[in-house]
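Let me begin by presenting the structure, written as structure tokens, before commenting on it.
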Amino acid sequence: MSRTNNRSLTSLMALACSLALGACATTAPPPVDVVIKGGTVYDGSEDAPFTGDVAIAGDRIAYVGPPKSFAAKRVIEAGGMIVAPGFIDPHTHADIFLRSDDPAERVNAAWLAQGASTVVIGVDGGGTPDVAEDARKLAASGIGTNVVPFVGFGAVRSRVLGDAARAPDEAELARMKDMVAGAMCAGATGFSTGLFYAPQSFATTEEVIALAREAGSRGGLYDTHQRDESSYTIGLMDSSREAIRIGEEAGAPVHFAHIKALGVDVQGKAPELIALIDAARARGVDVTADQYPWLASGSSLDASLLPRWAVDGGGQALLARLGEPKTAARIRSEMEENLRRRGGAKSLLLTAPGRPWTGRTLAEYAAAQGTDPVDTALAIIAQVVREGGSGTEVASFNMAPEDVELLMQQPWVVTSSDGSLGHPRMFATYPEKYRTYVRERGTIDLARFIRQSTGQVADIYRIAERGYLKRGYFADVLVFDPAKFAPRATYLDPRELSVGVEALFVNGRSAVEHSHITGEAAGRVLLRPQPENCP
Ligand SMILES: [Zn+2]
């Protein structure tokens with residue numbers, strides 16, 4: 001855990017040198033642990049890149065600037081390479097690895113191999129309110145990336161109300177507020193919600209405002225997987241208005257998680273969404289968003305097509321309902337509607353490993369079977385239910401490329417992975433964005449790509465002394481080869497590590513060398529300093 005603002009010994013020595021009016025300048029070159037020589041340096045700010053050196057001493061950056069000589073234990077010749085701050089991923093489900101029993105998984109290789117040194121967790125309302133205890137455990141267990149925790153609405157609400165679909169009474173609301181306040185005082189970066197998900201979806205806007213205020217009054221962010229990214233309930237635009245209102249009335253900066261227009265009913269709405277957010281920003285509301293650079297979300301045939309009531313009681317209950325002709329007809333007609341909303345059977349790629357349908361779209365597989373897509377989907381679901389286990393996974397191509405690119409170009413949008421199993425975004429978000437949107441399509445330039453993956457994220461989340469290559473800052477430093485930086489993961493093979501990271505340092509320790517994970521567990525839990533209004 002790091003809450004300190006200590007300057008490193010090196011910085012103190014440098015200060016002593018300058019106080020001695022250049023007395024040090026004529027002596028031997030200053031000792032450092034690592035010098036990265038001659039790379040093209042993007043420091044995380046909006047400044048133009050330059051060719052120069054970056055030196056690391058201990059866990060801090062000792063030097064950033066034009067070529068200079070050092071007495072270094074290790075020299076990295078970085079000519080032709082890009083040198084940048086380690087990427088900071090603001091929306092992840094990296095807990096899968098960070099909380100593993102296996103120390104090798106806790107190194108969090110999926111992120112390290114794509115250049116990310118810090119991940120934000122507890123998103124979508126999932127973050128535990130026990131921030132201090134959780135931070136202690138994570139730090140003691142040995143993790144490979146830094147971690148920034150949110151306290152989550154889902155975790156708080158279910159602790160007080162269970163899964164109840166009702167409003168809290170006064171005492172219950174007070175307990176929830178105390179939990180959020182306690183988590184903020186323990187160092188959480190803000191309050192996250194996933195209003196799309198039950199039981200969070202049962203909350204009124206006012207309930208969320210009351211809790212977000214506990215974060216806002218302590219300098220925290222309101223981060224939301226909003227109530228509707230599509231046309232399921234209140235619709236994308238009203239849902240976005242709700243998110244802005246919550247932040248505005250709670251006095252908290254608003255951050256949209258994985259911003260998108262999901263499904264055919266809202267595709268093409270990016271300009272309207274951008275206008276709404278620009279208007280809020282113009283009247284002084286601090287609104288930002290993150291985005292993953294993929295056209296598909298990860299889902300399953302069940303989750304994306306079946307109505308919720310049809311699976312109430314589990315798989316066997318579903319099979320029983322399908323045995324009743326009237327109920328089965330109702331299920332089929334609701335599935336037709338959900339399939340339409342998601343862009344039809346051609347938009348669902350079947351990705352479960354090792355199945356006869358793997359690698360084909362639902363449309364292709366249905367055609368091969370000579371059945372219609374809904375019947376085909378039901379046959380797959382029924383087979384998987386009978387066998388137990390999994391097999392219904394899909395990549396759901398539900399975003400329009402024009403929306404994705406337009407959102408990516410907004411000055412208030414930063415890069416995230418939303419990394420979760422079964423989708424290549426967990427292992428390949430940064431190189432995919434670089435390859436497709438910087439190199440191939442030119443949607444954004446390299447400077448913008450780096451800025452929105454580093455310093456700008458640190459600014460939004462108020463992550464101190466990271467996100468920039470600056471003397472005295474923590475040494476989270478990335479060196480990648482612009483010719484080799486590339487994803488390996490695909491929708492059908494989503495767990496392949498990315499390549500092209502020449503070096504990645506996390507708190508000054510070497511986490512990646514020549515695309516190879518060293519096994520160092522140098523990550524820390526980054527807690528905010530305690531706000532003033534705490535007990
Ligand atoms: Zn989410």
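Atoms within a ligand are numbered from 1 in the order they appear, just like the ligands themselves. Values below: every heavy atom of this structure, side chains too, minus hydrogens, waters and symmetry copies.
Backbone or side-chain N, O or S atoms of H91 do not reach the Zn ion (ligand 1) at under 2.8 Å.
Using a 3.5 Å distance cut-off with no hydrogens or angles, the side chains of W412 and Q456 do not pair a donor with an acceptor. With hydrogens and angles left out, the side-chain atoms of S297 and N398 include a donor and acceptor closer than 3.5 Å.
Within 6.0 Å of atom CD in E46, 12 or fewer heavy atoms from other residues, nucleotides or ligands are found, so the atom counts as exposed in its surroundings.
Centred on the Zn ion (ligand 1), the OD2 atom of D124 and the NE2 atom of H258 lie at an angle of 150°, reported to 10°.
The Zn ion (ligand 1) is closest to atom ND1 of H225 (considering only N, O or S atoms).
A salt bridge links R166 with E172: at least one charged nitrogen is closer than 4.0 Å to a carboxylate oxygen.
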